[in-house]
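Report on the structure given below.
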Amino acid sequence: ERHNALILELIEELSLALDEVAIRDDINFVVLSGNGRSFCAGADLNWFYSSEQLSLEQNTERYQHLANLLLKIYQLPQVTIATTWGNVFGGGIGLMAACDFVLAEANTRFMFSEVKLGLLPATILPFVAKRLSVQNLRKWILTGALFSASEANEGGLIDILCQTGEIETCLTEFLASFDQAAPSAVKKAKQLINQVASGEIDVTDSNITARILAETLLEPDGQEGIHAFLEKRKPIWK
């Protein structure tokens, strides 16, 4: 009814669910979706309303829950996919931007609404900035203007634009594109991409990258992949 607006209880419950998922080797994909008319319309303003009664330190601690949740989504071992429709505003854009992939129905509407409230999209910006150019950040964050799914797709905020009402079909087809990949390799590749993107692993770290490749070659899936290719058969992943 409230377009899945973010409140502390929702953030904490989602965080606990992700903790359970993170240790499950049998789960390869996590799909973040929203029931009802929208994916997420951002933070519930009632959550912000009582902020004037708290100290700066108390407010900081309160809103760090959202920042921590976004980081948890971003670092989750599994491939994360956001399926969006309806309104995706403010913190909702942060939730989807923290995912590896974003699918959106053609009628989805996006807005960085913070400046219209005299606020800043501080907790979500590091994740959004990994998807959008600086100029698009300026255009959409500084104006707080509403923009369409097609604009978001062109800008890189979403990865796949789906026909309205076809999000489930879109998702099924997208998941099928992973069918030939070794699940263990996909998870390790995601971790490696994040390490390179953050600067943790650089072009000068040849000893580290060579070791990572050597380790994967010696693991069961690495051996199976090489043998299956040479024997001209489909691999059977662990």
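All values derive from a computational prediction rather than experimental measurement.
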Cluster overlap Phe101 with Ile93, hydrophobic side-chain contacts below 4.5 Å: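 Phe101 does not cluster with Ile93.
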For residues [X] and [Y], determine if any side-chain heavy atom of one lies less than 4.5 Å from a side-chain heavy atom of the other.
{"X": "Met96", "Y": "Thr83", "value": "no"}
{"X": "Leu95", "Y": "Leu69", "value": "yes"}
{"X": "Phe127", "Y": "Leu71", "value": "yes"}
{"X": "Leu76", "Y": "Val30", "value": "yes"}
{"X": "Phe174", "Y": "Ile81", "value": "yes"}

Does any N or O in the side chain of [X] come within less than 3.5 Å of the main-chain N or O of [Y], such that one atom is a donor and the other an acceptor?
{"X": "Lys116", "Y": "Gly144", "result": "yes"}
{"X": "Ser38", "Y": "His3", "result": "no"}
{"X": "Glu114", "Y": "Ile141", "result": "no"}
{"X": "Glu105", "Y": "Cys162", "result": "no"}

Short side-chain donor-acceptor distance under 3.5 Å, Ser51 and Asn59: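 Side-chain D/A pair, Asn59 to Ser51: absent.
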Modelled atom types, side-chain donor and acceptor of Ser148 and Glu151, under 3.5 Å: yes
salt_bridge([X], [Y]) N-O dist < 4.0 Å:
{"X": "Arg24", "Y": "Glu20", "value": "no"}
{"X": "Arg233", "Y": "Glu224", "value": "yes"}
{"X": "Lys188", "Y": "Glu219", "value": "yes"}
{"X": "Arg131", "Y": "Asp159", "value": "yes"}

Partners passing ring-ring contact (aromatic ring centres under 6.0 Å, His included) against Trp140 (at least two apart in sequence or in another chain):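 In terms of ring-ring contact (aromatic ring centres under 6.0 Å, His included), with neighbours along the sequence ignored, Trp140 is linked to Phe147.
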Near-ring test Phe29/Phe178, centroid separation under 6.0 angstrom: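 Yes.
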